[in-house]
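Have a look at the structure below, then the notes.
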Amino acid sequence: MKKYDILLDVALKNIKFLSFSLIVCSLLVLSGCWSSSNNQSKLIIINVLDPDYYQDCHIPGSINIPFEKFEDRMKTLNKKDSHVLYCSNFACTAAPFAANLLQASGFENVALLPGGIVQWYQKGYSYTGPATMEYLQEENEPFEGEEHPGIQMLTAEALKAKMTEAKLL
């Protein structure tokens, strides 16, 4: 009888261990710890304008990191994510400067929307905010020969397509 008691005791311990293991594994999978999506980069869209301009009109889902605070705040960004920077329009130099900072700091995928929120707004794409500032109505044409070596340049259409693919729109 003792032999069967010992076997029963071992079997119960194994069942408890297997049950515990199954619960832990289920929690890990459900929480995303083993999900392959954690290895994929996210699309992060960054508006570098002052907060007043950001509140007035910005691309849905974009975050605001004002240019003056960019160098400090960029340390909180994940270098493996895809980052698209924009400011007001083609004449604005803040977004290209910030994109260069990211690239020089080892960020892997940096892009620029050179036409800024004005191009986005004038294309009639969705935006967040009341859009009452006059600059949104101004002419917005690219400067001939302007380049930003090593930084991917996106049109509003290309950014919209990336956002749609990433399910941000």
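Just so it is clear, the values below take in all heavy atoms, side chains as well, and ignore hydrogens, waters and symmetry mates.
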Inter-residue atom distance I46.CD1 - I63.CD1, 0.5 Å rounding:
4.5 Å

Under 3.5 Å, sequence neighbours excluded: what are the donor-acceptor pairs made by side chains of residues 95-108?
residue : atom : partner : partner atom : Å
N100    : ND2  : P96     : O            : 3.3
Q103    : NE2  : G150    : O            : 2.5
S105    : OG   : L101    : O            : 2.9
E108    : OE2  : K80     : NZ           : 3.4

Are Y86 and L112 side-chain neighbours, meaning at least one heavy-atom pair lies under 4.5 Å?
no

Enter the distance from T164:OG1 to L169:CG here, rounded to the nearest 0.5 Å.
5.0 Å

Closest non-hydrogen atoms of I45 and L168, given as atom of the first, atom of the second and distance, are CD1-CD1, 4.3 Å

Salt bridge (charged side-chain N to carboxylate O under 4.0 Å, His left out): which pairs involve residues 95-106, sequence neighbours left out?
none

N/O donor to acceptor pairs below 3.5 angstrom from side-chain atoms of residues 116-127, sequence neighbours left out:
residue : atom : partner : partner atom : Å
W120    : NE1  : S126    : O            : 2.6
Y121    : OH   : Q137    : NE2          : 3.2
Q122    : NE2  : L136    : O            : 2.9
Q122    : NE2  : E138    : O            : 2.8
K123    : NZ   : E157    : OE2          : 2.7

For the residue pair C87 and V48, what are the closest heavy atoms and their distance?
CB-CG2, 3.7 Å

Which atom pairs, one a donor and one an acceptor, fall under 3.5 Å between side chains of residues 49-56 and the rest of the protein, sequence neighbours left out?
residue : atom : partner : partner atom : Å
Y54     : OH   : H58     : NE2          : 3.4
Y54     : OH   : S62     : O            : 2.5
D56     : OD1  : A131    : N            : 3.4
D56     : OD1  : T132    : N            : 2.9
D56     : OD1  : T132    : OG1          : 2.9
D56     : OD2  : T132    : N            : 3.3
D56     : OD2  : M133    : N            : 3.1

To the nearest 0.5 Å, what is the distance between NZ on K160 and CD on E165?
14.5 Å

Pairs in or reaching into residues 90-107: which pass salt bridge (charged side-chain N to carboxylate O under 4.0 Å, His left out), with residues at least two apart or in two chains?
none

Would you find a donor on one side and an acceptor on the other, under 3.5 Å apart, between the side chain of N64 and the backbone of N47?
yes

Before you tell me yes or no, could you show the steps for L77 and H83 under side chain to side chain contact (heavy atoms under 4.5 Å, CB included), namely the whole-Å CA-CA distance, both residues' side-chain angles and the distance that decides it to 0.1 Å?
CA-CA 9 Å; L77 300 173; H83 297 88; 3.8 Å; yes

Quick one: list whatever passes salt bridge (charged side-chain N to carboxylate O under 4.0 Å, His left out) with K75, sequence neighbours left out.
D72

Under the side chain to side chain contact (heavy atoms under 4.5 Å, CB included) criterion, do I59 and M163 qualify, and how do the steps go?
CA-CA 10 Å; I59 296 172; M163 291 177 70; 3.6 Å; yes

List for me each residue that meets side chain to side chain contact (heavy atoms under 4.5 Å, CB included) alongside T76, sequence neighbours excluded, and say none if there are none.
none

Is there a side-chain contact between L85 and L113 in this structure, where contact means two heavy atoms from C-beta onward sitting under 4.5 Å apart?
no

For V84 and I44, run side chain to side chain contact (heavy atoms under 4.5 Å, CB included): C-alpha distance rounded to whole Å, both residues' side-chain angles, the deciding distance at 0.1 Å, then the answer.
CA-CA 6 Å; V84 177; I44 309 295; over 6 Å; no

Heavy atoms, side chains only, cut-off 4.5 Å: are K162 and L43 in contact?
yes

